[in-house]
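All values reported here derive from a predicted model rather than from experimental measurement.
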Amino acid sequence: MVKLNQSTITRSVNALEKNGYLMKHAATDKRSHTLQLTESGTTAAKDISALIDDLNNNILACDPKIDVATLIQKMRQLNSPSPTSHNRLNGESA
């Protein structure tokens, strides 16, 4: 979903655990864990969410004519694996 290499995710999770933002709990399968945010992680997540909301509000404030639904649709098209995504973004037919 996030289009990252598994080793990148593992390193990130380990760093978040080392820095006290999340805890790993052993699952029934020895190769997997459940993850839980710590109090610090929960606080950081709220702070990050607020920063993202501010960023989004500032982006939309630049042009009040921006249609949020169209913007979301175009962002989804950018993430689409289809080779014609670029054409669709520019209003061209596939």
To the nearest 0.5 Å, atom OG1 of Thr34 lies from atom NZ of Lys24 at 11.0 Å

Residue set satisfying side chain to side chain donor-acceptor pair (under 3.5 Å) with Gln36, at least two apart, ordered chain then number -> His25

Value for CD (Glu39) from CE (Met23), rounded to nearest 0.5 Å, stands at 10.5 Å

When rounded to the nearest 0.5 Å, the distance separating CG of Leu16 from CG of Leu22 is 5.0 Å

Rounded to the nearest 0.5 Å, the OH atom of Tyr21 sits from the OG1 atom of Thr38 at a distance of 8.5 Å

Here the gap from Asp47 atom CG to Thr42 atom OG1, rounded to the nearest 0.5 Å, amounts to 11.0 Å

Quiz item: Any donor and acceptor pair, going by atom type alone, linking the side chain of Thr8 with main-chain N or O of Leu4 inside 3.5 Å?
Solution: no

dist Ser7:OG -> Asn14:CG (nearest 0.5 Å) comes out at 11.0 Å

In terms of heavy-atom contacts, Ser40 and Gly20 come closest through CB-O, 3.7 Å

